[in-house]
Amino acid sequence: MKQTQEIKSFFYSQYFADGLRITIGCIVPVLIFATIGQFTNGTIVSLGALLVGLSDTPGAPSHRRKGMIAGAILTTLTFILTNIVNQNVYLLAIFIGVACFIFAMFAVFNGRAANVGLMCILMMLIHVQIHYPLAEAINYLGFYTLGGLWYIAISLSITQVRPYRLAEQELSETIRYVADYIRLKANFYDAKIDNDKNYLKLIDKQVEVNQHQENLRDVLFQSKRSIKDTTKVGRYLTLVFNDIVDLFEQSMAAHYDYNTISERFGPTGILEDFKNVILKYTNELDNLAYQLNTNTQPKPLYDFDSDLSRLHTKIDQLDKNQQYSTFALRKVLINLRDLVRRIKNIYGYSHLQPDDVKRKEIDDAKTLCSKLCN
């Protein structure tokens with residue numbers, strides 16, 4: 001069952017959608033032009049779609065649109081300059097050095113700009129030894145521009161038809177990374193795990209989670225559509241995102257002396273019970289991410305009340321039988337209860353009607369949006 005969900009999640013994922021979009025953008029022009037006997041021109045159109053498409057990285061619709069337009073303009077300008085200087089070896093050497101440095105420096109801004117710079121370098125390298133006369137160059141640019149416009153039309157049309165799909169995919173991916181982060185924290189309750197190595201893995205995963213959260217902020221707030229929209233979907237995604245951010249921050253803030261806990265309570269076996277409950281919680285997050293990604297109404301897998309009650313009973317028994325204080329374990333249990341409460345709230349959002357959403361939540365989201373956008 002888990003493997004089936006993984007496969008379905010991949011086909012619903014943002015990565016598969018991006019690959020499919022770029023593939024359609026590149027293959028369709030070649031097929032159309034090949035049927036009319038102009039295969040070479042079709043490859044030029046496909047090249048335009050490919051270079052513009054590879055600069056179309058996930059983010060807010062406005063950022064994606066600007067990135068694609070910038071990619072089309074700069075790659076065109078690169079072709080013109082390359083075609084002008086490639087007959088003079090000295091000018092060409094200077095141009096290659098300067099252009100590579102400038103385009104590589106695009107990475108200073110963000111990943112999208114870095115991709116645009118990379119596409120410009122690729123355009124330069126493809127045509128560095130080919131010189132086109134003026135008429136052929138204009139013809140080439142015409143077909144290349146057609147390919148870029150073709151891909152931009154595909155990308156923007158999908159965004160208009162399914163405006164929330166990208167946000168759903170990115171939110172699902174963010175939840176999966178949060179689940180992986182908490183799964184790593186569950187390893188601290190295993191006496192066989194090297195805590196120092198696990199900390200290093202935790203830091204790497206934290207960076208990945210933060211990156212996905214930033215991407216999701218761009219999608220949800222930079223366009224402002226999900227906040228202004230009064231539909232259930234827009235408000236639902238905003239509320240889920242806010243709770244996932246709070247959930248992740250709470251899991252980061254919850255830090256204990258795991259070495260001491262392991263030494264004191266490892267022999268009792270209660271740490272294994274804590275780890276099992278936390279792993280069940282991560283499975284619940286994976287389930288939530290999967291159902292969001294497949295556009296199905298989220299339904300919980302587990303009822304954690306019995307697990308938490310059992311942990312509470314075992315802690316009370318240890319409190320009577322052990323000479324050590326169980327205060328640390330009680331703090332962990334309280335934190336787990338709060339995490340469970342949060343995911344219950346998220347599941348409850350799917351049953352809300354637009355008018356049931358408190359206006360304060362939307363106002364808070366608007367305030368956050370204005371801070372991010374200014």
Side-chain angles (χ1 to χ4, degrees), residues 1-16 58 167-190 193 197-217 219-220 236-237 239-256 258 272-304 307-308 311 332-333 335-350:
M1 182 66 179
K2 181 72 173 177
Q3 188 175 10
T4 303
Q5 284 191 357
E6 289 289 339
I7 295 173
K8 289 185 68 176
S9 293
F10 170 73
F11 285 111
Y12 279 98
S13 70
Q14 178 179 317
Y15 306 110
F16 181 79
E168 290 171 346
Q169 291 171 332
E170 190 62 51
L171 178 59
S172 172
E173 199 67 22
T174 300
I175 295 174
R176 287 170 63 90
Y177 273 85
V178 171
D180 290 339
Y181 178 86
I182 298 177
R183 195 171 285 117
L184 285 174
K185 296 208 74 171
N187 290 336
F188 287 121
Y189 300 92
D190 189 341
I193 295 295
K197 292 182 179 179
N198 199 51
Y199 271 120
L200 295 178
K201 294 179 181 178
L202 202 66
I203 293 172
D204 291 338
K205 187 60 65 175
Q206 181 178 333
V207 172
E208 294 177 351
V209 173
N210 286 328
Q211 182 60 51
H212 279 276
Q213 286 185 349
E214 287 301 319
N215 291 338
L216 188 53
R217 283 189 179 95
V219 174
L220 281 177
Y236 171 69
L237 294 177
L239 293 176
V240 173
F241 170 71
N242 288 337
D243 268 19
I244 289 297
V245 171
D246 291 341
L247 187 153
F248 174 63
E249 290 179 350
Q250 180 180 345
S251 65
M252 282 196 303
H255 177 75
Y256 312 100
Y258 296 107
E272 191 66 26
D273 294 330
F274 270 102
K275 180 180 179 181
N276 291 335
V277 174
I278 295 172
L279 290 178
K280 282 180 66 175
Y281 187 80
T282 60
N283 291 337
E284 191 71 78
L285 287 174
D286 285 336
N287 174 66
L288 174 63
Y290 168 75
Q291 294 184 15
L292 283 173
N293 202 18
T294 55
N295 283 316
T296 55
Q297 182 170 328
K299 296 179 181 178
L301 283 177
Y302 308 110
D303 182 6
F304 290 95
D307 294 318
L308 296 176
L311 285 175
V332 177
L333 180 60
N335 188 54
L336 269 176
R337 289 186 185 277
D338 200 28
L339 291 176
V340 170
R341 177 185 59 80
R342 289 186 183 279
I343 200 168
K344 284 182 178 179
N345 290 342
I346 293 174
Y347 278 117
Y349 292 150
S350 61

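Side chain of Glu284 to backbone of Leu301: a donor-acceptor contact under 3.5 angstrom is found. In this structure, the side chain of Ser172 does not engage the main chain of Glu168 through any donor-acceptor pair within 3.5 Å. Checking side-chain atoms of Asn276 against main-chain N and O of Glu272 turns up a donor-acceptor pair under 3.5 Å. Side-chain atoms of Glu170 do not come within 3.5 Å of backbone N or O of Asn215 as any donor-acceptor pair.
Looking at heavy atoms from C-beta onward, His212 lies out of side-chain contact with Arg176 at the 4.5 angstrom threshold. Between Tyr302 and Asn283 the shortest side-chain heavy-atom distance falls below 4.5 Å. Counting heavy atoms from C-beta outward, Thr174 and Val245 have side chains that stay 4.5 Å or more apart. Ile278 is not listed as a side-chain neighbour of Lys185, based on a closest heavy-atom distance of 4.5 Å or more. Residues Ile182 and Phe248 fail the side-chain proximity criterion, which asks for heavy atoms closer than 4.5 Å. Residues Tyr181 and Met252 have side chains in contact (heavy-atom distance under 4.5 Å, counting atoms from C-beta outward). Side chains of Lys205 and Tyr177 form a contact here, defined as non-hydrogen atoms less than 4.5 Å apart.
With sequence neighbours excluded, the residues satisfying salt bridge (charged side-chain N to carboxylate O under 4.0 Å, His left out) with Lys275 are Asp190. Residues satisfying the salt bridge (charged side-chain N to carboxylate O under 4.0 Å, His left out) test with Asp204, not counting sequence neighbours, are none. In this structure, the salt bridge (charged side-chain N to carboxylate O under 4.0 Å, His left out) partners of Lys344, at least two apart in sequence or on a different chain, are Asp305.
Counting only N and O atoms by type, the side chains of Asn210 and Glu214 include no donor and acceptor under 3.5 Å apart. Side-chain contact of Asn335 with Gln250: a donor-acceptor pair under 3.5 Å is present, judged by distance alone. Under 3.5 Å, the side chains of Tyr281 and Asp286 contain no donor-acceptor pair of N or O atoms.
In this structure, the separation between CD1 on Ile343 and CG on Leu339 is 9.0 Å, given to the nearest 0.5 Å. Note that CD of Glu173 and CD1 of Ile175 are 10.5 Å apart. Values are rounded to the nearest 0.5 Å. Atoms CG and CD1, on Leu285 and Ile244 in that order, are 6.0 Å from each other to the nearest 0.5 Å. Atom CZ of Phe274 and atom CG of Leu311 lie 5.0 Å apart (nearest 0.5 Å). Atom-to-atom distance recorded for Leu237:CG and Leu292:CG is 7.5 Å, nearest 0.5 angstrom. Between atom NZ of residue Lys201 and atom CZ of residue Arg183 there is a gap of 13.0 Å, rounded to the nearest 0.5 Å.
Between Asp307 and Lys280 a salt bridge is recorded (basic side-chain N to carboxylate O distance below 4.0 Å). Residues Arg341 and Asp243 are not paired through a salt bridge, judged by the lack of any N-O separation under 4.0 Å between the basic side chain and the carboxylate.
The shortest non-hydrogen separation linking Asn198 to Leu184 is ND2-O, 2.8 Å. Scanning both residues, Leu216 and Ala167, for their nearest heavy atoms gives CD1-O, 3.7 Å.
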